[in-house]
Amino acid sequence: MLEIKLSFDNATLANYETENELISIGRNPQNDIQIDNMAVSNFHAVVKKVMNAYFIEDLKSTNGTFVNEKKIDKYELLDGDEIIIGKHSLFFNFVTKSGKPGLFDETVILDTRKQKELLEKNR
């Protein structure tokens, strides 16, 4: 799950939790995350989930999209990244179903004959 905190001037305006594969950001009310500020383009940026990664893409906005203070066109988001759109910040955190940070819930346990042989050999 993706958690997004929208803030302005160090004050939290909204918190979003989503598993959507596409999240639109902009001033227009049709966006998933609306930022009602004239410095934000109507359709400013979009976050897309591709496999187990999230990417943010600027939609040729007037004032640009910044990740960790660097202007981007497209960028793979990492846990804890700060996105600046206009005068607003969005903080992205990846949370598993268990409520712990990260993209995956648990490590998959290999239950194969080869894995069992390796484990026995190294005991």
Side-chain angles (χ1 to χ4, degrees):
M1 178 183 335
L2 186 60
E3 287 183 346
I4 305 167
K5 179 176 82 168
L6 174 64
S7 66
F8 177 78
D9 201 21
N10 294 320
T12 299
L13 300 178
N15 287 301
Y16 303 89
E17 290 183 357
T18 184
E19 293 185 9
N20 292 350
E21 294 189 5
L22 184 69
I23 304 154
S24 60
I25 304 168
R27 191 174 73 240
N28 190 293
Q30 293 177 355
N31 286 287
D32 298 306
I33 298 176
Q34 182 191 15
I35 303 174
D36 189 17
N37 185 282
M38 293 303 290
V40 177
S41 295
N42 275 315
F43 297 95
H44 197 102
V46 66
V47 174
K48 297 178 185 177
K49 183 177 182 182
V50 179
M51 306 228 8
N52 286 317
Y54 287 93
F55 294 86
I56 187 162
E57 184 176 347
D58 183 80
L59 299 176
K60 301 187 187 321
S61 65
T62 302
N63 291 311
T65 300
F66 297 81
V67 177
N68 302 323
E69 299 185 358
K70 293 181 182 163
K71 190 173 188 216
I72 59 94
D73 290 321
K74 187 174 185 178
Y75 178 87
E76 181 178 355
L77 291 168
L78 303 174
D79 192 49
D81 277 343
E82 177 185 12
I83 288 70
I84 299 171
I85 294 180
K87 296 180 179 182
H88 290 73
S89 293
L90 296 111
F91 296 92
F92 285 76
N93 291 299
F94 305 111
V95 178
T96 63
K97 290 177 185 172
S98 63
K100 297 177 184 171
L103 288 177
F104 305 102
D105 278 345
E106 299 174 6
T107 301
V108 174
I109 298 173
L110 291 175
D111 190 21
T112 64
R113 184 171 46 89
K114 180 70 174 170
Q115 181 68 17
K116 288 177 183 177
E117 288 172 4
L118 289 171
L119 289 171
E120 284 298 320
K121 188 178 188 180
N122 288 289
R123 285 188 187 188

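Every value quoted in this text rests on a predicted model; they were computed, and no experiment measured them. All heavy atoms count here, side chains included; hydrogens, waters and symmetry mates do not. All residue numbers refer to positions in the sequence shown, counting from 1.
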Checklist line | Co-membership, hydrophobic cluster, residues F8 and V67, 4.5 Å side-chain | finding: yes
Notebook entry, point to check: Shared ILVMFWY cluster between L78 and I4, side chains joined below 4.5 angstrom?
Noted result: yes
Check: So how far is it from E3 CD to D79 CG, rounded to the nearest 0.5 Å?
Finding: 9.5 Å
Checklist line | Heavy-atom closest pair, residues H44 and A39 | finding: CE1-O, 4.4 Å
Margin query: Let me confirm one number: the CD1-CG distance from I84 to N63, rounded to the nearest 0.5 Å.
Written below: 12.5 Å
Margin query: Rounded to the nearest 0.5 Å, what separates atom CG in L13 from atom CG in L90?
Written below: 9.5 Å
Check: Of all heavy-atom pairs between E82 and S89, which one has the smallest distance, and what is that distance?
Finding: OE2-OG, 2.7 Å
Next item on the list: Mind checking the CD1-OH spacing from I25 to Y16? Nearest 0.5 Å is all I need.
Entry: 9.5 Å
Check: From F55 CZ over to E76 CD, what is the distance, rounded to the nearest 0.5 angstrom?
Finding: 4.0 Å
Check: With the 4.5 Å side-chain cut-off for hydrophobic clustering, are I72 and Y54 part of the same group?
Finding: yes
Checklist line | Closest non-hydrogen atom pair, V47 against L2 | finding: CG1-CD2, 4.4 Å
Check: Roughly how far, to the nearest 0.5 Å, is CG of D73 from CG of L59?
Finding: 10.5 Å
Notebook entry, point to check: Ignoring hydrogens and geometry, is there a side-chain-to-backbone donor-acceptor pair from D58 to S61 under 3.5 Å?
Noted result: yes
Next item on the list: Grab the two heavy atoms, one from L6 and one from H88, that are nearest each other, plus how far apart they are.
Entry: CD1-CB, 4.0 Å
Check: Can you hop from V46 to I85 via hydrophobic side chains spaced under 4.5 Å?
Finding: no
Checklist line | Nearest heavy atoms of D32 and L22, plus distance in Å | finding: OD2-O, 3.5 Å
Note to self: Is the shortest side-chain heavy-atom distance between R27 and D36 below 4.5 Å?
What the structure shows: yes
Notebook entry, point to check: Same cluster for F91 and V40 if Ile/Leu/Val/Met/Phe/Trp/Tyr side chains link at under 4.5 Å?
Noted result: no
Notebook entry, point to check: Looking only at heavy atoms, which two atoms of L77 and F94 are closest? And how far apart?
Noted result: O-CZ, 3.6 Å
